[in-house]
Amino acid sequence: MIVKGICTGENIGLPIIKEIDLSKVIGDIDIPIKYAALNHRDLWITKGLYPSISAGFIMGSDGVGIIDDKRFVLYPAKEWGSSDTFQSKHFEVLGVPSHGTFTTNVVCNPSALYTVPDYLTDAEAAAFPLAGLTAYRALFTKGDLKRGDKVLITGIGGGVALFAAQFALAVGADVYFTTGYSWKMDKALDLGLKYGVNYNDPEWSKELSRKIDGFDLIIDGAGGDMMQHYLKIINYGGKIVSYGGSQGKMNNLSPQLIFWKQASIIGSTMGSPYEFGEMIKFLEQHKIHPIIDSIYDFQDYRLAFHKMEEGSQFGKILLKL
Ligand SMILES: NC(=O)c1ccc[n+]([C@@H]2O[C@H](COP(=O)([O-])OP(=O)(O)OC[C@H]3O[C@@H](n4cnc5c(N)ncnc54)[C@H](OP(=O)(O)O)[C@@H]3O)[C@@H](O)[C@H]2O)c1
């Protein structure tokens with residue numbers, strides 16, 4: 001089967017639409033894709049900032065498709081393995097190094113398909129797999145979030161961050177946030193989050209300290225120079241869960257703050273198929289609607305990548321196949 005897909009180009013920086021022969025891809029099912037969603041990972045790949053990138057592979061980890069009038073989403077990875085604690089050595093995210101979802105058809109095994117809850121639209125379904133799964137594991141499996149906990153979610157405009165915020169609100173946590181944009185602050189407050197600060201303000205962590213008496217949990221996708229401040233505002237015994245490092249190395253971490261506060265810095269990556277199933281049940285139980293920023297036609301994919309690059313989204317950026 002020949003399909004058109006948005007692929008890594010010879011020159012990695014420029015994704016291109018290419019015809020790809022899927023006849024050699026192993027899988028029993030061919031699922032026609034209706035919508036796919038971008039993740040920051042797709043942007044990293046176009047910059048060459050991801051391991052195992054090679055040219056001519058279809059990008060994309062999130063997708064929803066229809067088989068015999070039934071709607072399915074794909075588990076956005078492969079080969080998680082048998083441990084609940086961490087992924088196997090063969091684990092890979094869908095979409096580079098193997099073919100992904102930015103295409104009209106995906107070949108996969110039935111075990112990769114999960115039924116979409118009825119209350120979601122097709123577009124909403126495409127929005128949740130990778131970001132929702134990452135948020136679910138970071139918050140609940142790793143962060144052990146409970147009703148009444150005070151949680152800080154950094155960079156609220158991001159895909160993972162917004163799912164984390166919606167999930168935390170659903171269990172009755174007090175949710176606070178950082179962002180780089182005042183208009184995103186207004187949108188986050190409209191969602192029911194309690195208070196936010198702008199991470200570009202040098203006084204942001206002091207402002208949070210003045211307003212809030214410490215956080216039980218911090219969910220962070222940035223790292224960089226922010227982490228030293230998280231240690232100042234985390235409670236004794238609190239947890240900082242790191243799922244991303246878009247701001248680079250964590251500098252100036254104080255061991256004294258880590259050991260004296262008995263704080264934990266915990267890594268988290270996506271999640272297992274079991275957690276994916278639990279996350280879908282959680283979405284349905286709380287009737288959570290993923291937040292969609294924009295939907296682009298397939299051929300306008302460069303506009304979608306550009307939007308993610310400039311960081312002007314609030315929620316998920318989708319492609320309509
Ligand atoms: N480990 C995993 O399994 C996993 C899974 C998913 C994502 N990730 C990683 O997590 C990161 C976010 O991914 P995503 O798909 O959610 O990206 P995204 O939708 O493009 O969002 C990126 C967000 O980063 C935030 N940000 C930028 N500078 C920041 C800063 N100095 N401090 C705090 N936040 C800042 C922005 O928040 P504002 O717009 O509010 O300013 C922006 O919305 C990426 O690095 C990605 O590779 C890892």
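Whatever order the structure lists them in is the order used to number ligands and atoms, beginning at 1.
- By the criterion of a heavy-atom distance under 4.0 Å, both the backbone and the side chain of Thr269 are placed next to ligand 1.
- Counting heavy atoms from C-beta on, the side chains of His99 and Leu22 come closer than 4.5 Å.
- Looking at ligand 1, you won't find any N or O of Thr178 less than 3.5 Å from one of its N or O atoms.
- Contact annotation: for His40 versus ligand 1, heavy atoms closer than 4.0 Å belong to both the backbone and the side chain.
- For atom 45 (O) of ligand 1, the closest heavy atom belonging to the protein is Trp44 NE1, 3.4 Å.
- The aromatic rings of Tyr136 and Phe140 stand perpendicular to each other, their planes meeting at an angle above 60°, with 30° marking the opposite boundary.
- Taking the six-membered ring where tryptophan is involved, the planes of Tyr114 and Tyr75 are tilted, since the angle between them lies from 30° to 60°.
- Tested against Asp62, the residues Val73, Leu38, Leu130 include a single side chain to side chain contact (heavy atoms under 4.5 Å, CB included) partner, Leu130.
- The nearest heavy-atom contact from the protein to atom 10 (O) of ligand 1 is Tyr243 CE1, 3.3 Å.
- The shortest N or O to N or O distance between Gly311 and ligand 1 is not below 3.5 Å.
- The shortest N or O to N or O distance between Gly244 and ligand 1 is not below 3.5 Å.
- Taking every heavy atom of Lys184 and a limit of under 4.0 angstrom, the matching atoms of ligand 1 come to 38 (P), 39 (O), 40 (O).
- Between Asp225 and Gln228 the shortest side-chain heavy-atom distance falls below 4.5 Å.
- Checking only distances, Thr179 does come within under 3.5 Å of ligand 1, N or O to N or O.
- Closest protein heavy atom to atom 37 (O) of ligand 1: Gly155 CA, 3.1 Å.
- Counting heavy atoms from C-beta outward, Arg41 and Tyr50 have side chains that approach closer than 4.5 Å.
- Note: an N/O pair closer than 3.5 Å links Tyr199 and ligand 1 by distance alone.
- The shortest N/O to N/O separation between Ala222 and ligand 1 does not fall below 3.5 Å.
- Taking the six-membered ring for Trp and thresholds of 30 and 60 degrees, Phe167 and Phe163 have ring planes inclined between 30 and 60 degrees apart.
- At a heavy-atom distance under 4.0 Å, only side-chain atoms of Gln247, from C-beta outward, approach ligand 1.
- For Phe314, no heavy-atom contact with ligand 1 is shorter than 4.0 Å.
- Looking only at distances, no side-chain donor or acceptor of Lys232 sits under 3.5 Å from a matching main-chain atom of Lys206.
- Contacts between Gln313 and ligand 1, counted as non-hydrogen atom pairs separated by less than 4.0 Å, involve the side chain only.
- Ligand 1 has no nitrogen or oxygen under 3.5 angstrom from a nitrogen or oxygen of Leu130.
- For ligand 1, none of its N or O atoms has an N or O atom of Thr154 under 3.5 Å away.
- Residue-level proximity to ligand 1 for Ala161 is absent, since no heavy atom of it falls below 4.0 angstrom.
- For residues 146-160, the salt bridge (charged side-chain N to carboxylate O under 4.0 Å, His left out) pairs, not counting sequence neighbours, are Asp144-Lys146.
- Considering both main-chain and side-chain atoms, Met308 never comes within under 3.5 Å of ligand 1 through any nitrogen or oxygen pair.
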Please list every donor-acceptor pair under 3.5 Å in which a side-chain atom of residues 265-272 meets a protein atom from a residue at least two apart or in another chain.
from: Ser272; atom 1: OG; to: Tyr274; atom 2: N; distance (Å): 3.4
from: Ser272; atom 1: OG; to: Glu275; atom 2: N; distance (Å): 3.1
from: Ser272; atom 1: OG; to: Glu275; atom 2: OE1; distance (Å): 3.3

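- Checking Ser111 against Asn109 by side-chain atom types alone, no donor-acceptor pair falls below 3.5 Å.
- Remark: aromatic rings of His289 and Tyr119 are close, center separation under 6.0 Å.
- Look at Ser268 and you'll find a heavy atom under 4.0 Å from some atom of ligand 1.
- Of the polar atoms of Met270, at least one N or O is found under 3.5 Å from an N or O of ligand 1, judged by distance alone.
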